[in-house]
Number of protein chains: 2
Amino acid sequence: MTTIFETISEPIARRATAGLVRIGHVLRSRAWKGATPEGVTPTQGHALGLLREAEGGLSLGAIAALLGVSAPTASDAMSTLASKGLVDKAPGDRPRSINLSLTPQGEALAERTGAWPDFLTDAVETLNDAEQAALLRGLVKLIRAMQVKGDIPLQKLCVTCRYFRPNVHPEPEAPHHCALVDAPFADRHLRLACGEHQQADDDSFYEQWR
Amino acid sequence: MTTIFETISEPIARRATAGLVRIGHVLRSRAWKGATPEGVTPTQGHALGLLREAEGGLSLGAIAALLGVSAPTASDAMSTLASKGLVDKAPGDRPRSINLSLTPQGEALAERTGAWPDFLTDAVETLNDAEQAALLRGLVKLIRAMQVKGDIPLQKLCVTCRYFRPNVHPEPEAPHHCALVDAPFADRHLRLACGEHQQADDDSFYEQWR
DNA sequence: GAATTATATTAGGATTCCTAAATATAAAAG
DNA sequence: CTTTTATATTTAGGAATCCTAATATAATTC
């Protein structure tokens, strides 16, 4: 069926993109509001979050790649964090490399700040369960698609994990299975940063999920 | 039903938030890649987009509010755009105020750049129609919720428009109605920046949609 | 005419971002 | 054993982004 909206509107993919862009702007603007003397700037906060997720610390190059900025930018931010006593710089195992990790103070701040801006979580919670699950599913697919195209570094998604077994259970309320913890689960349980994630070699499981 | 995932996972709202935050970071990082000598920086590009949508130009204060930055930051960015010949500064109708508008060059650049980063639109297009519609619906609700709480300035959403008539048609493929163009439409047609939008006085229509 | 109000800019400074060049270091090559 | 090479980080330099606080300017109000 064709309505006037089919012809005068931007395609839905563009409107959804515009919505994501809009939310991105809000997040950036909000993040600066936390840049008080006791707090950290957006880039610094992002780096603290990455270090918190990374077992055993990260090199400067790894941080720069994950932040999506140049090495000098990352170096600046890390030096500032080090001077604030939030991050520790230790020699790495490769020539000239350093290993960055959180100090107890940095750990505490990252814990307190969290990776989830409350105002946005509050907004997500105004959606009902099905809508939240659909939103999460869409976001997982977006991130996965960007990963495949090389637009973003690999992330620890269930759908790219060696232990992911999609649609193996007949029960619609938990059709997938995690072979690591050996338990069934549903789309709404999909994770974006699983600590136990192991990258799968091929796409076969993902294909069964999509 | 309760699985292990219910207990060890972050709540779904937090995971969805984390996904949005992640996409926001990518967008910011990408936007800087366009900051070539011929291109514009992220904040400047955002401002160009706002001016393109605004009939008749905007004051500096309005730009600052819409960008979500302080007046001095906006003033800097607009001066740079003016010196690049992309924006025109004219006296406004209030004391000391200015009216900012796009020059033909600015119009052309805004047109060319667009508000929709292609790499993200491409990712959205990997979702099927139902998923795209669900994503758009979720984003519209998020933006609406943030608007209501005062987290972001008003935006021209269908669901807050005087002409929006939700769920008035029995046909599930186009249950809503736009009283301005007098045509039925569906969730997938929802707009985030309609030129004809007029803010509704109350919530009654939105309540029927949610 | 003086005080108030609204709006934008200037001042000053930290951070974010870039590219290009310099530096340090371990391993490999001669 | 010395030199080269590859790698990783930092320095240098500069534009843009961000903030708060102070300042200019024009219209309105008293």
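Note that this is a predicted model, so its numbers are computed, not measured. Each chain gets a letter, A, B and so on, in the order the sequences are listed, and its residues count up from 1.
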Q: Starting from C1' on C/dA8, measure out to CG on B/Asn99 and report it in whole angstrom.
A: 14 Å

Q: Roughly, in whole Å, what's the span from CG in A/Leu48 to C1' in C/dT15?
A: 15 Å

Q: Indicate whether OP1 or OP2 belonging to D/dT10 is found under 4.0 Å from a side-chain N or O atom of A/Ser75.
A: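 Checking D/dT10 against A/Ser75, a side-chain N or O does come within under 4.0 Å of OP1 or OP2.
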
Q: Nearest to the side chain of B/Arg28, which nucleotide is it out of C/dT9, D/dC18, C/dT16?
A: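 Of all the options, the side chain of B/Arg28 is nearest to D/dC18.
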
Q: Between C/dT15 atom P and A/Leu86 atom CG, what is the distance in whole Å?
A: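 Rounding to the nearest Å, CG of A/Leu86 and P of C/dT15 are 12 Å apart.
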
Q: What is the distance from CG of B/Leu60 to C1' of C/dA6, rounded to the nearest Å?
A: 13 Å

Q: If every non-hydrogen atom of B/Leu67 is compared with every non-hydrogen atom of B/Ala47, which pair is closest and at what distance?
A: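 For B/Leu67 versus B/Ala47, the nearest heavy atoms are CD2-N, 3.9 Å.
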
Q: At what distance, to the nearest 0.5 angstrom, does CD of A/Gln132 lie from CZ of B/Arg14?
A: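 Output value for this atom pair is 13.0 Å.
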
Q: Within this structure, what is the CG-to-P distance between B/Leu81 and C/dT9, rounded to whole angstrom?
A: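 After rounding, the gap between these two atoms is 13 Å.
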
Q: Is it true that A/Glu111 and A/Arg52 make a salt bridge, defined as a side-chain N closer than 4.0 Å to a carboxylate O?
A: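 Yes, A/Glu111 and A/Arg52 are salt-bridged.
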
Q: Measuring from the side chain of A/Arg96 (C-beta onward, heavy atoms only), which nucleotide among C/dT25, C/dT16, D/dA16 has the closest atom?
A: C/dT25

Q: Under 4.0 Å, counting only non-hydrogen atoms across every strand here, what does A/Ser97 touch: a base, just sugar-phosphate, or nothing?
A: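 Sugar-phosphate: the residue A/Ser97, judged by heavy atoms under 4.0 Å, touches backbone atoms but no base.
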
Q: For a quick test of reading the model: is some side-chain N or O of B/Gln44 closer than 4.0 Å to OP1 or OP2 of D/dT17?
A: yes

Q: Starting from the 5' end of DNA chain D, give me the residue, A/Ile98 or B/Gly45, whose nearest nucleotide shows up first.
A: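 In this pair, the answer is A/Ile98.
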
Q: Heavy atoms under 4.0 Å, any strand shown: does B/Thr80 hit a base, just sugar-phosphate, or nothing?
A: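 Here B/Thr80 touches the backbone only, sparing every base.
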
Q: Without decimals, in angstroms, what is the distance between A/Asp76 CG and D/dA15 P?
A: 17 Å

Q: Choose from D/dC19, D/dT17, C/dA8 the nucleotide whose nearest atom is closest to any side-chain atom of A/Lys33.
A: D/dC19

Q: Does A/Lys89 make a side-chain N or O approach to OP1 or OP2 of D/dT10 shorter than 4.0 Å?
A: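 Indeed, a polar side-chain atom of A/Lys89 lies that close.
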
Q: Which nucleotide in the set D/dT10, C/dT15, C/dT19 lies at the smallest distance from any side-chain heavy atom of A/Ser70?
A: C/dT19

Q: Less than 4.0 angstrom between a side-chain N/O of B/Thr43 and OP1 or OP2 of D/dC18, yes or no?
A: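 Yes, because at least one side-chain N or O of B/Thr43 sits under 4.0 Å from OP1 or OP2 of D/dC18.
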
Q: Among the candidates D/dC18, D/dA12, C/dT9, find the nucleotide nearest to the side-chain atoms of A/Pro72.
A: D/dA12

Q: Which heavy atom of B/Thr43 sits nearest a heavy atom of B/Ala77, and at what distance?
A: CG2-CB, 4.3 Å

Q: Is there a side-chain polar atom (N or O) of B/Thr73 under 4.0 Å from OP1 or OP2 of D/dC19?
A: yes

Q: Nearest-Å distance, CE (A/Met78) to C1' (C/dC17)?
A: 16 Å

Q: Can you tell which of D/dA16, C/dT10, C/dT15 lies closest to the side chain of A/Trp32?
A: C/dT15

Q: Please report, rounded to the nearest Å, how far the C1' atom of D/dC18 is from the NE2 atom of A/His25.
A: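 Rounded to whole Å, this separation is 15 Å.
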
Q: Mind telling me whether A/His176 and A/Trp209 have parallel, tilted or perpendicular rings, with 30° and 60° as the class edges?
A: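 The arrangement is perpendicular - the two ring planes meet at more than 60°.
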
Q: Between B/Asp182 and B/His177, does any side-chain donor sit less than 3.5 Å from a side-chain acceptor?
A: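 Yes.
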
